[in-house]
Amino acid sequence: MSAYQQISGEPEYAAAVEQSHSQPIVVFKHSQLCELSAMAWQQVQSVRLPIFEVVVQTARPLSNHIEQVLGIRHETPQVIVLYRGRPVFDASHRGVTAAAIHDAADAVRPVS
């Protein structure tokens, strides 16, 4: 299972970005009121990466900040994989799958 943390402010997001310098991380933006978000949430739960959850009903300013900083249009549900502070993958709606997230992370991880 992944390390899962709900974030709601810019300082928490900055700490998440800092963590992305040592390993890929996932920013998961979703709505607690959306059936499609619930399906995406189930996919994200099986990802073996640090997950930083942004609930848009309670953290819309943070969601807007992420959109501005990364230049990735807000969607719900949405995942963004960050590595070394930069987005390497993003998907929304039915494109939010554990397999797609793992493939993106595997593509950027150094080979040991």
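Just so we're clear, the structure is a prediction, and the values are computed from it rather than from any experiment.
Annotation: ring-ring contact (aromatic ring centres under 6.0 Å, His included) contacts of His65 (sequence neighbours excluded): Tyr13. Looking at residues two or more places apart in sequence or on another chain, you find no salt bridge (Lys or Arg N to Asp or Glu O under 4.0 Å) involving Glu67. Under the side-chain hydrogen bond (donor to acceptor under 3.5 Å, both in side chains) criterion, Gln57 pairs with Ser31, not counting sequence neighbours.
In this structure, Glu53 and Gln6 approach most closely via the heavy-atom pair OE1-NE2, 3.1 Å. Of all the heavy atoms in Ala100 and Phe89, the pair that sits closest is CB-CZ, 3.7 Å. Taking each heavy atom of Leu49 and Pro24 in turn, the nearest pair found is CD2-O, 3.7 Å. In terms of heavy atoms, Thr76 sits closest to His93 at O-NE2, 3.4 Å. Residues Pro87 and Ile80 come closest through the heavy atom pair CB-CG2, 4.0 Å.
With values rounded to the nearest 0.5 angstrom, Ser63 atom OG is found 10.5 Å from Gln68 atom CD. With values rounded to the nearest 0.5 angstrom, Arg48 atom CZ is found 7.5 Å from Ser46 atom OG. Summarising the geometry, atom CD1 belonging to Ile7 is positioned 10.0 Å from atom NZ belonging to Lys29; distances are rounded to the nearest 0.5 Å.
Residue pairs meeting the side-chain hydrogen bond (donor to acceptor under 3.5 Å, both in side chains) criterion with at least one partner in residues 97-107, sequence neighbours excluded, do not occur; the list is empty. Residue pairs that meet the side-chain hydrogen bond (donor to acceptor under 3.5 Å, both in side chains) test with at least one member in residues 35-44, sequence neighbours left out, are Tyr4-Trp41.
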His30 and Val44: CA distance, side-chain angles, deciding distance, side chain to side chain contact (heavy atoms under 4.5 Å, CB included) verdict = CA-CA 11 Å; His30 73 99; Val44 171; over 6 Å; no
message = Let's go through Leu70 and Leu82 carefully: what are the C-alpha distance in whole Å and the side-chain angles of both, what is the deciding distance for side chain to side chain contact (heavy atoms under 4.5 Å, CB included) to 0.1 Å, and is it a yes or a no?
response = CA-CA 10 Å; Leu70 298 180; Leu82 297 178; 3.9 Å; yes
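Under the 4.5 Å side-chain heavy-atom criterion for grouping Ile, Leu, Val, Met, Phe, Trp and Tyr, Val79 is connected to Tyr83 within one hydrophobic cluster. With hydrophobic clusters built from ILVMFWY side chains whose heavy atoms lie under 4.5 angstrom apart, Val47 does not share a cluster with Ile25. In the hydrophobic cluster analysis, where Ile, Leu, Val, Met, Phe, Trp and Tyr join through side-chain heavy atoms closer than 4.5 angstrom, Phe52 is grouped together with Val54.
Of the possible donor and acceptor atoms, one in the side chain of Gln78 sits under 3.5 Å from a partner among the backbone N and O of Arg73.
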Enumerate, atom names and distances included, each donor-acceptor pair closer than 3.5 Å involving a side-chain atom of residues 15-22, sequence neighbours excluded.
| unit_1 | atom_1 | unit_2 | atom_2 | d |
| --- | --- | --- | --- | --- |
| Ser20 | OG | Val17 | O | 2.6 |
| Ser20 | OG | Gly85 | N | 2.8 |
| Ser22 | OG | Gln19 | O | 3.1 |

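Ile66 pairs with exactly one of Leu62, Asn64, Val69 by the side-chain contact (heavy atoms from CB on, under 4.5 Å) rule, that one being Leu62.
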